[in-house]
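Structure first, then comments.
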Amino acid sequence: MANEEKDGYTPSVVEEKWQRLWDERGTNTFTREELENAEDPFYNLMMFPYPSAEGLHVGNIYAFTGADVHGRYHRLLGKTVFEPMGFDAFGIHSENFALKIGSHPMDLIPSNVQNFTRQLRRIGGMFDWDHSVDTTDPSYYKWTQWVFLQFFKAGLAERKEAPVNWCPSCMTVLANEQVVGGECERCGTPVEQRRIAQWFFKITDYAQRLLDNLEDIDWSPSTLKAQANWIGRSKGAQLHFPVVDADGNETGTKIEVYTTRPDTVYGATYMVLSPEHPLVSEVTDHGLMAPVFAYVDKAAKKDLVARQKVDKTKTGVPTGGSCRNPATGERIPIWIADYVLMEYGTGAIMAVPGHDTRDFEFAKQFDLPIVRVVAGPGDDAHTPLEEAYVGPGSLVNSGTFDGTDVSDSVDAVTAWTAEGGWGEPRINFRLHDWCISRQRYWGPPIPIVHCEACGPVAVPEEDLPVILPRVEDFKPDDSGISPLARVEEWYQTTCPECGAEARRETDVSDTFLDSGWYFLRYPSTDFDDRPFDPAITKKWLPLNTYIGGNEHAVLHLMYSRFITMVLKDLGHIDFEEPYQVFRAHGLIIADGAKMSKSKGNVIVPDPIIDEHGADTFRTYLMFLGPFEEGGDYRPQGIQGPLGFLHRLWDTVLSATDAEADANVERKVHQTIRQVTAQIPSLQYNTAIAAMMECLNVIRAGGRTAALAEVGPLIVMVAPFAPHIAEELWERTGHEGSVFDGRNWPEFDAAKAVDESVEVAVQVNGKLRASITVGKDAPEDEVVAAARAEENVLRHLEGLAERRVIHVPGRLVNFVVG
RNA sequence: GCCGGGGUGGUGAAAUUGGUAAACACAGGGGACUUAAAAUCCCCCGCCCUUUGGGCUUGCGGGUUCAAUUCCCGCCCCCGGCACCA
């Protein structure tokens, strides 16, 4: 073996032995009965990977190892820790990769999964391979389709038109990633928007609950913040602006606008409709139809990526039509501009250029009137505006509201608009309904049949799964929208309700639907007649810990929370938040950047494991920085943990049966205290440092250790280096696995107490000496000892002592002057 | 622009949330043991000076305090996410 060492520690031999024994003994896997009867269940999950052709890189291993350490620690506390692993293998990634290399995803995925599995076994993860999932397996996506049907039957899945990127040359829908500089990545034709019917899940119905529940779950603060921002609740008012004709008479039509600043309504000097707004043609003057529709057309031609880009200059056209501002009674013009989005609010705004930066910019561009209605400190009603003023102040030029502080003005003005019958309070969310349709091949078919007479009809549950057929030509091409729409023998069917000829839905569902419920499936993979068994689900869920990357802080975590909530409302489960505890891990940095294929700095784990072994590699990854922050991967750094494990091996195998030395024992118990406190809070780097320090004390001066001294270290190192821990556990006379039973060392506070402490002595805050005193020495004794130090005396000499500060066990500070 | 996270030796990083800044480790230097090498053990390792001592030092500038990496105010820079959300 390449890594054989003189001390007899050969990682590859030890690791192969224990990985084989774990498999043989079923150490990491549970039977259905074990899951049903577990006494102290602990469900420890990490986000499952997408099985790429490249295999796992060091960044993936880092995440999985950190989660595995957490799981193994709880196992050592005696819990039944369920730690499954699976594969999120559907989606555009796999599809595009298969297209690129001229292969088929149905051929690629199995070998990728096999390679991932091999790598995951090699790093010694405590994965229950008897309860794995692969989202592309019909036995899994059968239930993904079942989830869809529950939503459909509950009225939470609806079909509506939505814009997609459309390549007019290829006649196909493009994902945002396939639009390069506004052009189709394949043929270079400019991409436009097209509205097609798609399936949506009504997540917006749950927006408030998704927001409120954030209060009660234990997640990384940054993730909570990201979720709250994504939901984007804002409080304001919906106001109705009457449209007026050329003579100033109301036509009866009203334009609805949403605003978070109803208090600035006196400053609304024009209106803007989004190009897609239904009232565009109604408000436009006959003479201006041509330019207005040219503009609307141009906006539609922009692809969705370009449309969202913030341009320096705003564009727009006047309609010639106008509204009356109900606050001022003045007539104001109506414009069309694509800086107003149809998807948010009402698709129309009242423009307040004085106090909104975008409106200000637009007003300057088109020379529209700007009125000040908020006066900041030092301003009056006539102070000119050089830019939009959005700060605090009081209302001016606002009728009876003049002088009202802006902080109380929103509610006051909203109430006034409601009294006048032209407004009401309104809460808005930026969260949009979840479009789950994909006009693609590599996903689970949406289990719907379209019947001319009955409309969209659910495929009966007993007919699931709707199998994704093997289609050799799954490339999006010029024959239609979705690849499945070309497979006539597949989509032709009969209506489950009336029996007439009908057509299957040819869109597949979003990958986030696959990953939206997978945590429910793992404990129940022993059942093929139900998505999740009620008894097992009750025992094992919600999850105890979920660990994953912050790149999923929004979408995956939001969608899976939403699905869980709906399943609870439909009576399938009895909890609504799947992840009690979520922790985001940090990123591994290589050559100053996040590891990624495009940056070319990917580090492959296999050669490192070949050279040093999985235990050393794991320990190094956990040592190189705080787990939640990530850190720099430096190849040389592995020497530290490598030497540590070798020294541990040597120390344990040469240990005697002698009594533990009192000083060493104190260090050991201090270490137990620290490691026990730090592992649950994922402070792995300092926990490992503490163990290194402890071993240094045990070995100081080359002394021979007593087994009683090193014993606890074998167990404490086990979450990080499980193989060597097993081997040393066995060689020190234990039977079976260190992970069976509650083997975590007990902390004895009495044994950890230092008899004497070192106290810093300062004069005016500057360190002048350091003294050693008994741990409970009274203050006057400590101060006297401090004062007696020669170097302290010199600094006190001739100066008046004003104060003495004594922090027991830490310092004495003489304040003189 | 907004929201998060950061900025500490040659390097990765620590600091009990206001109490001796730099634990642990990498790299580097010196020594012991050894025929030799590896392994192991010991010592040095922020900067500067007039070196049994003294001064300076946690991105920059102020402040509070006996005491600030930690708290407050004002800046600069880096990383991640969102981005015309009215």
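Lettering of chains follows the sequences in order, A, B, ..., and the numbering in each one begins at 1. Quick note: numbers below take in every heavy atom, side chains included, and nothing from hydrogens, waters or symmetry partners.
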| message | Whether A:Arg561 engages the ring of A:Trp230 as a cation-pi pair (distance to the six-membered ring centre under 6.0 angstrom, angle to the ring normal within 45°) should be assessed. | response | no

| task | Indicate whether OP1 or OP2 belonging to B:C2 is found under 4.0 Å from a side-chain N or O atom of A:Lys225. | result | no

| request: Tell me whether the OP1 or OP2 atom of B:A86 has a side-chain N or O from A:Tyr258 closer than 4.0 Å. | output: no

| message | One pair to check against side-chain hydrogen bond (donor to acceptor under 3.5 Å, both in side chains): A:Ser274 and A:Tyr339. What are the steps and the verdict? | response | CA-CA 7 Å; A:Ser274 87; A:Tyr339 82 92; over 6 Å; no

| said: Can you check the distance between B:C76 and B:U40, where both ends of the measurement are the P atom (answer in whole Å)? | reply: 50 Å

| Phosphate oxygens OP1/OP2 of B:C41: is one of them under 4.0 Å from a side-chain N or O of A:Arg699? | yes

| task | Evaluate whether atom CZ of A:Arg261 has more than 12 neighbouring non-hydrogen atoms of other residues, nucleotides or ligands under 6.0 angstrom away. | result | yes

| task | Write down the distance separating the C1' atoms in B:A68 and B:U17, rounded off to the nearest Å. | result | 12 Å

| Taking NE2 from A:His432 and P from B:A83, how many angstroms apart are they, rounded to a whole number? | 10 Å

| field | C1' atoms of B:A25 and B:A13, separation to the nearest Å | value | 8 Å

| task | Using whole Å, report how far CG of A:Leu799 lies from P of B:C66. | result | 17 Å

| said: Distance check needed: B:C2 P versus A:Trp230 CH2, whole Å only. | reply: 20 Å

| query | Within less than 4.0 Å of OP1 or OP2 of B:G54, is there a side-chain N or O belonging to A:His795? | reply | yes

| A:Ile349 vs A:Leu273, side chain to side chain contact (heavy atoms under 4.5 Å, CB included): CA-CA, chis, key distance, verdict | CA-CA 7 Å; A:Ile349 60 157; A:Leu273 304 184; over 6 Å; no

| said: Using heavy-atom distances to pick each residue's nearest nucleotide on RNA chain B, tell me which of A:Lys766 and A:Gln639 is more 5'. | reply: A:Gln639

| message | Anti or syn, where syn is a glycosidic angle within 90° of 0; which label fits B:G31? | response | anti

| field | Polar contact flag, side-chain donor to acceptor under 3.5 angstrom, A:Arg699-A:Thr651 | value | yes

| said: How many whole angstroms separate atom OH of A:Tyr339 from atom C1' of B:G1? | reply: 17 Å

| A:Asn550 vs B:G81: side-chain N/O to OP1/OP2 distance below 4.0 Å | no

| Given B:U20, B:G53, B:A25, the nucleotide with the shortest approach to the side chain of A:Leu767 | B:U20

| field | Short side-chain N/O contact to B:U20 OP1/OP2 from A:Arg810, under 4.0 Å | value | yes

| field | B:A83 OP1/OP2 closer than 4.0 Å to side-chain N/O of A:Arg430 | value | no

| field | B:G9 versus B:A14 - spacing of their C1' atoms, nearest Å | value | 13 Å

| request: Between A:Ala769 and A:Ser222, name the one whose nearest nucleotide on RNA chain B is closer to the 5' end. | output: A:Ser222

| message | I'd like the C1' distance from B:A22 over to B:A15, given in whole Å. | response | 8 Å

| task | Rounded off to whole Å, could you give me the CG-to-C1' distance for the A:Asp632 and B:A14 pair? | result | 16 Å

| task | Please measure how far the C1' atom in B:G74 lies from the corresponding atom in B:G10, and state the result in whole Å. | result | 33 Å

| field | Rounded distance in Å - CD1 (A:Ile805) to P (B:U20) | value | 14 Å

| Expressed in whole Å, how much space separates the C1' atoms belonging to B:A21 and B:C47? | 14 Å

| field | Phosphate OP1/OP2 of B:A25: any A:Asn696 side-chain N/O under 4.0 Å | value | yes

| request: Mark yes when over 12 heavy atoms from residues, nucleotides or ligands other than A:Arg703 sit less than 6.0 Å from its CZ; otherwise mark no. | output: yes

| message | Taking B:G59 as the reference, what is the distance to B:G5 when you measure between their C1' atoms (whole Å, please)? | response | 16 Å

| Qualifying residue for ring pair (Phe, Tyr, Trp, His ring centres under 6.0 Å) with A:Tyr270, from A:Phe241, A:Phe362, A:Phe360 | A:Phe362

| query | Given B:U11, is OP1 or OP2 found less than 4.0 Å from the side-chain N or O atoms of A:Arg634? | reply | no

